[in-house]
Colleague: 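Below: one structure in structure tokens.
Quick note: residue numbers are just sequence positions, from 1. Remember, it's 1-based here, ligands and their atoms both numbered in the order they're listed. Computed over heavy atoms, backbone and side chain alike; hydrogens, waters and symmetry mates excluded.
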Amino acid sequence: MKLTIVEYPDKRLRQISKEVTTFDTKLHALLDAMNPMMIDTNGIGLAAIQVGYAIRVLTLNIPDEEGEQHPENLLEIINPVVIDKSGETLYQEGCLSVPKFYEDIKRSEKISIHYQDRDGKKMQLDADGLLAIAIQHEMDHLEGILFIDKLSYAKRKKFEKEYKKMLKERKKS
Ligand code: QAP
Ligand code: CO
């Protein structure tokens, strides 16, 4: 299964992703393709809509203190629902669908979610640190929301200008 990253300003990123109801080999094939895609592109989180599938599926792999990612830290999250959140934290976020741009975004410091694994089994997860931030970022994708939507008006304008320039430069090479 060959996947490509959908990049802003592609309208597909604005779709609301649909709940997964069948946990079949098709879903597993998508997950099995998303995981290496995320690692190969230096991602720590990826939502299915970022590879063109509007379903409520996320993969995450948070690096260790040395910045290394390990297969055993892979998290596959399907149909997530936030059941609790607390605190506030600021982190410089990026997104595989918004290449080369990073900005501080405010999120909850801790969150608890209900979700399903690749076999449809019901799970619960309490997260803090980078994992909590990444889950919130990826869950936004399910609603068609990008981290750049959370910028102030002035910062968003600066982003649009820089990003357009970046795309133009990229087209040349
Ligand atoms: C979301 O983002 C995230 O611009 C995942 O050129 C970000 O994996 C969650 C990436 C920060 C928590 C904190 C971005 C790779 C990867 C780029 C990513 C790029 C190459 C972003
Ligand atoms: Co993203």
Side-chain angles (χ1 to χ4, degrees), residues 3-17 30-31 33-71 73-80 82 85-113 115 125-151 155-156 158-173:
L3 302 177
T4 51
I5 299 281
V6 176
E7 290 183 355
Y8 182 80
D10 194 310
K11 286 275 194 308
R12 283 177 288 171
L13 292 169
R14 299 309 188 178
Q15 292 177 83
I16 312 281
S17 291
L30 175 62
L31 285 164
M34 281 173 67
N35 297 325
M37 168 64 109
M38 174 174 65
I39 302 298
D40 292 349
T41 52
N42 297 312
I44 63 168
L46 185 65
I49 193 60
Q50 295 181 270
V51 291
Y53 291 80
I55 56 173
R56 303 182 88 79
V57 169
L58 318 173
T59 62
L60 296 152
N61 192 315
I62 304 299
D64 65 20
E65 299 88 79
E66 273 91 59
E68 308 262 3
Q69 287 171 303
H70 305 278
N73 292 335
L74 172 68
L75 253 176
E76 296 175 338
I77 295 181
I78 299 161
N79 301 331
V82 175
K85 55 181 183 180
S86 65
E88 218 174 78
T89 185
L90 208 62
Y91 192 87
Q92 191 173 61
E93 298 190 11
C95 181
L96 284 169
S97 295
V98 189
K100 306 279 184 295
F101 182 80
Y102 309 89
E103 194 56 81
D104 280 352
I105 303 293
K106 203 178 358 167
R107 303 276 185 191
S108 298
E109 189 181 13
K110 295 182 179 185
I111 63 159
S112 299
I113 60 167
Y115 69 98
L125 175 68
D126 303 317
D128 60 12
L130 186 53
L131 178 59
I133 295 164
I135 290 171
Q136 292 169 76
H137 174 112
E138 300 310 331
M139 282 186 73
D140 272 352
H141 278 297
L142 305 181
E143 308 305 326
I145 298 167
L146 300 171
F147 80 105
I148 50 169
D149 300 340
K150 299 180 180 285
L151 300 174
K155 281 193 173 159
R156 178 61 178 262
K158 187 166 154 269
F159 158 74
E160 293 293 348
K161 202 172 146 193
E162 280 176 15
Y163 194 78
K164 262 189 202 128
K165 195 172 143 206
M166 187 275 290
L167 290 179
K168 223 159 119 187
E169 291 297 320
R170 208 170 61 167
K171 228 164 70 184
K172 279 190 218 160
S173 59

Colleague: Could you go through the ring-ring contact (aromatic ring centres under 6.0 Å, His included) check for Phe101 and Tyr163 one step at a time?
Modeller: CA-CA 8 Å; Phe101 182 80; Tyr163 194 78; 7.8 Å; no

Colleague: Rounded to 10 degrees, what angle sits at the Co ion (ligand 2) between His141 NE2 and His137 NE2?
Modeller: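 Seen from the Co ion (ligand 2), NE2 and NE2 are separated by roughly 110°.
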
Colleague: Between the side chains of Lys165 and Glu162, is the shortest nitrogen-to-carboxylate-oxygen separation below 4.0 Å, so that they form an ion pair?
Modeller: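 No.
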
Colleague: Salt bridge or not between Glu169 and Lys100? Use side-chain N to carboxylate O under 4.0 Å.
Modeller: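 Not counted as a salt bridge, because no side-chain N and carboxylate O are separated by less than 4.0 Å.
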
Colleague: Applying ring pair (Phe, Tyr, Trp, His ring centres under 6.0 Å), can you list everything that pairs with Tyr102, at least two apart in sequence or on another chain?
Modeller: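 For Tyr102, no residue satisfies ring pair (Phe, Tyr, Trp, His ring centres under 6.0 Å) once neighbours in sequence are set aside.
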
Colleague: Please tell me if the side chains of Leu75 and Tyr115 come closer than 4.5 Å, counting only heavy atoms from C-beta onward.
Modeller: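 A side-chain contact under 4.5 Å exists here.
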
Colleague: Non-hydrogen atoms closer than 4.0 Å to ligand 1: which protein residues do they belong to? List them by chain and number, please.
Modeller: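 The 4.0 Å shell around ligand 1 contains Thr41, Asn42, Gly43, Ile44, Gly45, Tyr91, Glu93, Gly94, Cys95, Leu96, Val98, Pro99, Lys100, Tyr102, Leu130, Ile133, Ala134, His137, Glu138.
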
Colleague: In plain terms, say whether Arg56 and Glu143 are close enough for a salt bridge, that is, a side-chain N and a carboxylate O under 4.0 Å apart.
Modeller: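 The answer is yes: the pair qualifies as a salt bridge.
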
